[in-house]
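Below you'll find the structure, written out as structure tokens, and then a few comments.
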Amino acid sequence: MYQVIARKYRPQAFSELVSQEHVRATLENAIAQGRIAHGYIFSGQRGTGKTTVARIVARCLNCVQGPTTTPCGVCASCREIAEGGAVDVIEIDAASNRGINEMRELRENVRYRPARDRYKVFIIDEAHQITNEAFNALLKTLEEPPEWAVFILCTTESHKIPATIASRCQHFSFRSVDFEDLVARMKWICEQEGVEADADVLAILAQAGDGSVRDSLSALDQAIACCGNKLNAAEVRALLGRFSVDLLEQVTQALVASDSRRMLDIVAELDRNGLNLQHFSRELSRYLRNLLVAKVAGAETRLIAASPAERERLVSIAGGFSEEDLTRYLQLSLDLFRDLQYSLQPRLHLELGLLRMVHAGRLVSIEDALAGLGPAPAAPAAPAAPSPSAAPRSAPVAPPARSAPVATPAQSTPAPAQSRASDGSLKERLYQALIGMGAQFTADAIEVSEVSEQGNLIAITTPREFALPMRGNDVQKALERLFERPPHVKVTLTDEAPATASMAKPTDETTQRTLEHPAVKRFQEVFPGSHVRTVRDLRDT
Ligand SMILES: Nc1ncnc2c1ncn2[C@@H]1O[C@H](COP(=O)(O)OP(=O)(O)OP(=O)(O)O)[C@@H](O)[C@H]1O
Ligand SMILES: [Mg+2]
Ligand SMILES: [Zn+2]
């Protein structure tokens with residue numbers, strides 16, 4: 001009868017186990033010293049050896065020659081346990097026996113001595129599925145277990161085991177199996193089975209498992225069923241829905257070249273060949289993740305499930321990108337993967353996602369841009385420091401800035417009323433008063449507002465986007481600084497563009513020097529569209 005490979009090659013002794021050295025060493029010691037606990041929790045990813053080790057432990061305990069770390073494998077107990085038919089080793093699948101009745105039965109059962117062997121071993125698979133009442137029933141048993149009882153709870157979700165139970169058990173975490181270990185295991189099994197598989201095929205199978213031995217072995221089963229005894233990388237890849245590295249590398253080439261056209265061609269090619277676009281985006285995410293890890297950790301890393309040659313290749317490709325780029329691409333590819341899961345138009349989504357990546361690559365990071373400025377040239381006599389707004393604003397014109405070294409009225413005696421004759425000077429003085437108060441945001445708002453005097457009322461028309469700072473009472477306070485009898489203020493919001501032009505006034509010599517300063521000019525080159533809004537003389541502050 002045909003037996004699936006995973007079962008046929010289930011390790012029967014600790015020595016056959018792949019990976020999980022820490023679990024193995026601790027359990028072997030405990031068994032050798034006769035320090036057997038009554039409760040164990042085996043947790044970890046599916047297909048990493050939990051049930052397998054539970055059975056090995058049962059053998060170690062019940063082998064006629066035991067307790068031993070090297071069960072004989074031929075006595076009745078050893079053989080029965082391997083076949084799953086030993087009377088004193090009770091396997092319970094909690095997925096289907098999760099209720100209180102089963103646990104009561106189990107409690108009854110525990111009370112009787114083993115029928116033949118030394119221990120009664122209860123292996124509870126999928127233990128996280130047990131109901132709360134059933135856990136309570138189990139707890140009673142774990143609190144006062146008879147000397148012969150050993151419970152092994154296997155679970156992929158250990159956080160779902162109640163703390164009351166967990167605290168009475170020894171906990172072992174099973175690790176995802178490393179790529180190299182998986183490859184070695186696949187290789188050995190293929191040899192045993194007389195199956196030809198080259199390094200490429202083995203790598204594909206190992207990757208398909210994603211750390212689970214069982215999943216890799218299932219992939220191998222599938223490959224043998226499909227391709228016979230001679231496995232071919234391209235066929236196996238297609239069978240498992242994986243994409244060739246070539247295709248993924250084409251994406252990176254298009255990214256390097258900022259080539260949108262090529263991206264679209266790649267999608268067309270995928271579509272023409274009827275390939276699953278969602279799988280592709282998943283593979284792309286993994287690939288970008290590997291590039292990022294290669295960039296950060298180098299070719300030696302064990303964090304990438306790939307052969308040494310593939311890792312070298314990843315490192316060399318990653319060299320063409322910055323860590324930041326790759327992080328951004330990875331984020332975008334994950335967004336894309338998520339979008340594709342619900343998409344009725346996968347092709348369009350894929351195109352959009354890939355084009356976004358191309359565009360993202362064209363962004364210059366702020367660090368790079370600033371690095372491009374180089375060290376600031378030693379400032380000549382110019383005393384003024386520019387404070388341009390780095391983010392390009394939508395305001396079309398870059399107004400020459402005002403200079404600040406005006407004696408702030410705030411500190412001087414209140415100005416006489418007639419000095420608010422012209423709009424410009426009132427606005428100007430209001431602005432300076434606000435700066436003097438440290439109310440920069442409100443000053444910015446005034447800068448783009450229209451300010452006019454109407455009797456004992458000051459009408460301010462502010463673009464809506466600057467409404468927030470106008471809500472406070474900064475303006476009123478500033479006016480109190482400026483006038484003995486401060487006028488009332490009326491603020492009107494407008495949807496019109498900021499009135500920057502109104503501030504374009506002739507500048508004094510300091511401002512002129514500032515704008516001609518090489519550092520300022522470089523800055524404006526690097527950040528096109530930026531403009532100098534204020535020039536302040538630091539000696540005055
Ligand atoms: N560490 C391992 N070494 C060698 N083979 C393993 C290992 N882990 C799993 N296998 C293989 O995978 C098969 C399934 O393993 P096992 O039943 O122990 O997994 P599990 O951790 O209990 O998974 P699940 O959480 O799905 O129950 C075994 O029959 C064996 O062939
Ligand atoms: Mg299991
Ligand atoms: Zn034995």
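These numbers were taken from a predicted model, which means no experiment stands behind them. Whatever order the structure lists them in is the order used to number ligands and atoms, beginning at 1.
Of the protein's non-hydrogen atoms, R214 NH2, 3.6 Å is the one closest to atom 27 (O) of ligand 1. Among all non-hydrogen protein atoms, the one lying nearest atom 25 (O) of ligand 1 is K50 NZ, 2.8 Å. Protein heavy atom in closest approach to atom 4 (C) of ligand 1: P11 CG, 3.4 Å. Shortest contact from atom 1 (N) of ligand 1 to any protein heavy atom: V18 O, 2.8 Å. Protein heavy atom at the shortest distance from atom 22 (O) of ligand 1 is T51 OG1, 2.7 Å. In this structure, atom 7 (C) of ligand 1 lies nearest to the protein heavy atom V213 CG2, 3.6 Å. Looking from atom 17 (O) of ligand 1 to the surrounding protein, the closest heavy atom is R10 NH1, 3.2 Å.
Within the listing of ligand 1, atoms 31 (O) sit less than 4.0 angstrom from a heavy atom of L217. Per-residue contacts place Y9 under 4.0 angstrom from the following atoms of ligand 1 (heavy atoms of the residue considered): 31 (O). Every atom of ligand 1 with a heavy atom of T156 under 4.0 Å away is listed here by number and element: 25 (O). Within ligand 1, the atoms closer than 4.0 Å to a non-hydrogen atom of T52 are 15 (O), 16 (P), 18 (O), 28 (C), numbered from 1 in the order shown.
Considering backbone and side-chain atoms together, Q20 places no N or O closer than 3.5 Å to any N or O of ligand 1. The N/O atoms of G49, backbone and side chain alike, include one that comes under 3.5 Å of an N/O atom in ligand 1. Polar contact check, T48 against ligand 1: a nitrogen or oxygen pair lies under 3.5 Å apart.
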Run the numbers on Q3 and Y9 for side-chain hydrogen bond (donor to acceptor under 3.5 Å, both in side chains), then give the verdict. CA-CA 10 Å; Q3 197 180 15; Y9 292 94; over 6 Å; no
Between F151 and Y40, is a ring pair (Phe, Tyr, Trp, His ring centres under 6.0 Å) present by the stated rule, with each step listed? CA-CA 6 Å; F151 288 90; Y40 293 97; over 10 Å; no
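Less than 6.0 angstrom separates the ring centroid of Y329 from the ring centroid of F321.
Salt bridge absent: E143 and K140 never bring a charged side-chain N and a carboxylate O closer than 4.0 Å. Ion pairing of E180 with R311 is present here, as a side-chain N (NZ or NE/NH1/NH2) and a carboxylate O approach within less than 4.0 Å. Salt-bridge check for R55 with E91: passed, with a basic side-chain N closer than 4.0 Å to an acidic carboxylate O. Here E157 pairs with K160 in a salt bridge; the nearest charged N to carboxylate O distance falls below 4.0 Å.
Residues F122 and V150 form no side-chain contact, since every pair of their non-hydrogen atoms from C-beta on lies 4.5 Å or further apart. In this structure, L231 and E196 have side chains that are not in contact, with every pair of non-hydrogen atoms separated by 4.5 Å or more.
Distance check: R328 CZ to L288 CG gives 13.0 Å after rounding to the nearest 0.5 Å.
When distances to the Mg ion (ligand 2) are checked against a cut-off of 2.8 Å, T52 contributes no N, O or S atom below that limit.
At the Zn ion (ligand 3), the vertex angle linking SG of C78 with SG of C63 is 110° (nearest 10 degrees).
Comparing S212, G47, S218, A54 against atom 23 (O) of ligand 1, the shortest heavy-atom distance belongs to G47.
Ligand 1 has at least one atom lying under 4.0 Å from a heavy atom of A6.
In this structure, the side chain of S216 engages the main chain of L205 through a donor-acceptor pair within 3.5 Å.
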